[in-house]
Amino acid sequence: MDILENSIIKECMSMNIILMGPPGAGKGTQATKLVNKYGLTQISTGDLFRKALSEQTKYGVIAKYFMQFGHLVPDDYTIEMVREYLKENTFENGFILDGFPRTIVQARELESIAKEFNFTIDAIINLDIPQEKLVSRLSGRRTCKNCGTTFHVEFNPPKVTGVCDKCGGELYQREDESVEAVTVRLDTYNKQTRPLIDYYTMKGTIININGDQPMEDVFKDIEKSLEGK
Ligand code: AP5
Ligand code: MG
Ligand code: ZN
């Protein structure tokens, strides 16, 4: 099989991926690359909560209280929102769960949702990065108000300061990027989400990727790990 044929097959395949990692690890950045390359749909629970918040829907009102201080939104609401989203949408080429599950309870519920809706999770990717690198990633991030594209003042700066390269929208800093909220988010991750790594390691399904390298290299490693999936 030649390289072109192989890449066409790869780009047409359907797969469902869980993308895990601490706050600022690069989940959103790598999810965007996976969307562009494989036509997957990104399902970021953080983005869904922020959208719900801006639209003042039920989930938004509940989530605001927890998100602004860096705590997890309670499992019941989060699971219900994801369940609804998976039920109401179709994913021709598959999806990436970006930031879900984040607790063992969520992971178990996802397993029963998968049985109920008859889908499989084909890869669980964990972006591994030392904690001390995360604060600068988070404090330097800028997000487009209009299209959600993320930049970094140092590592991935926009062409014009404060302006989105993609759509010209205004760039802003998220509410949960204050030093206090970031500290709580990292602590929450260590207590509630890190145990998931052991959970999936014991099941033998986790793929650890070194997230502490340039974005393109992280993506290359992810691509390699997906070969044959
Ligand atoms: P969410 O929005 O998911 O936030 P998070 O997990 O804290 O992760 P981030 O989005 O901050 O980081 P990221 O890993 O996507 O990194 P990014 O690619 O942007 O969740 C927010 C909140 O919602 C939670 O705190 C919680 O309250 C709630 N929530 C969400 N899901 C939930 C759930 N399942 N259960 C309960 N509550 C939930 O990159 C960060 C920056 O670094 C960017 O500026 C980027 O340009 C830069 N960067 C990325 N990769 C690299 C690289 N390789 N080198 C240099 N810079 C890089
Ligand atoms: Mg994100
Ligand atoms: Zn934009």
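Reckoned from all heavy atoms, side chains included, excluding hydrogens, waters and symmetry mates. Counting starts at 1 for both ligands and their atoms, in listed order.
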H71 heavy atoms within 4.0 Å reach ligand 1 at atoms 26 (C), 27 (O)
Closest heavy-atom approach to atom 22 (C) of ligand 1 among Q106, E175, E216, M67 is made by M67
**Q.** Side chain D47, main chain I43, donor-acceptor under 3.5 Å
**A.** no
| field | Any Q213 heavy atom less than 4.0 Å from ligand 1 | value | yes
Numbered in order shown, the ligand 1 atoms found under 4.0 Å of a heavy atom of F151 are 43 (C), 44 (O), 46 (O)
More than 12 heavy atoms of other residues, nucleotides or ligands under 6.0 Å from OH of Y85: is that the case?
yes
Measuring from the heavy atoms of E177, does anything fall under 4.0 Å of ligand 1?
-> no
Cluster question for you: counting only ILVMFWY and a side-chain heavy-atom cut-off of under 4.5 Å, with indirect links fine, are L171 and V163 together? no
For SG in C144 and SG in C167, the angle at the Zn ion (ligand 3) (nearest 10°) is 100°
Looking only at protein heavy atoms, what sits closest to atom 31 (N) of ligand 1 is T45 OG1, 2.7 Å
Among A31, G26, A63, closest by heavy atom to atom 16 (O) of ligand 1 is G26
Vertex the Zn ion (ligand 3), ends C147/SG and C164/SG: angle to nearest 10° comes to 110°
Honestly, for R50 the part within reach of ligand 1 (heavy atoms, under 4.0 Å) is side chain
Contact region, T29 to ligand 1, non-hydrogen atoms below 4.0 Å, reads both
**Message:** For ligand 1 and D98, I'd like to know whether there is a polar contact (N/O to N/O, distance under 3.5 Å).
**Reply:** no
For F151 and P157, the nearest pair of non-hydrogen atoms, with its separation, is CD2-C, 4.3 Å
TODO: Find out whether K115 and E111 are in side-chain contact, i.e. whether some heavy atom of one side chain is under 4.5 Å from a heavy atom of the other.
DONE: no
Would you check the N or O atoms of D47, main chain and side chain alike, for any that come under 3.5 Å of an N or O of ligand 1? no
Applying the 4.5 Å side-chain criterion to the ILVMFWY set and letting contacts propagate, would L48 and M67 be lumped into a single cluster?
-> yes
When every non-hydrogen atom of D98 is compared with those of A31, the smallest separation belongs to OD2-CB, 4.3 Å
For atom 46 (O) of ligand 1, the closest protein heavy atom turns out to be H152 CB, 3.5 Å
Under 4.0 Å from one or more heavy atoms of G28, ligand 1 contributes atoms 13 (P), 15 (O), 18 (O)
Judged by modelled atom types alone, do Q131 and Y189 share a side-chain donor-acceptor pair under 3.5 Å? no
- Query: Does the side-chain contact (heavy atoms from CB on, under 4.5 Å) test come out yes or no for S14 and F91, once each step is laid out?
  - Reply: CA-CA 9 Å; S14 167; F91 311 96; over 6 Å; no
According to a 4.5 Å side-chain heavy-atom criterion applied to Ile, Leu, Val, Met, Phe, Trp and Tyr, with indirect links allowed, do L72 and I18 form part of one hydrophobic cluster?
no
With only distance considered, is V73 within less than 3.5 Å of ligand 1 through an N or O on each side? yes
- What do you reckon, does R174 put a non-hydrogen atom under 4.0 Å from ligand 1? yes
If we number the atoms of ligand 1 from 1 as shown, the ones under 4.0 Å from a heavy atom of L138 are 11 (O)
Checklist entry - Is the closest N or O pair between V218 and ligand 1 shorter than 3.5 Å? => result no
Only residue of R185, R141, R142 satisfying side chain to side chain donor-acceptor pair (under 3.5 Å) with E177 is R141
Per-atom filter on ligand 1: closer than 4.0 angstrom to a heavy atom of F155 are 55 (C), 56 (N)
Q) When the ring centroid of F119 is compared with that of F95, is the distance short of 6.0 Å? A) yes
- [ ] Test side-chain contact (heavy atoms from CB on, under 4.5 Å) on I104 and L196 and set out the steps.
- [x] CA-CA 6 Å; I104 304 276; L196 266 183; 4.1 Å; yes
Mind checking whether L127 and I96 sit in one hydrophobic cluster, side chains of I, L, V, M, F, W, Y counted as touching below 4.5 Å?
yes
Among R142, M215, K27, R102, closest by heavy atom to atom 1 (P) of ligand 1 is R102
Heavy-atom proximity to atom 34 (N) of ligand 1 ranks first, among A25, G99, P157, for G99
Geometry only, no angles: is P101 polar-contacting ligand 1 at N/O separations under 3.5 Å? no
among protein heavy atoms, the one nearest atom 25 (O) of ligand 1 is R185 CG, 4.0 Å
Practice problem: Evaluate side-chain contact (heavy atoms from CB on, under 4.5 Å) for I125 paired with L226, printing each intermediate quantity in order. | Solution: CA-CA 9 Å; I125 295 172; L226 293 176; 4.1 Å; yes
For G24, is the nearest heavy atom under 4.0 Å from an atom of ligand 1?
yes
Please report whether ligand 1 has a polar contact with T150, defined as an N or O pair separated by less than 3.5 Å (distance criterion only). no
For T78, the ligand 1 atoms with a heavy-atom partner under 4.0 Å come out as 33 (C), 34 (N), 35 (N), 36 (C)
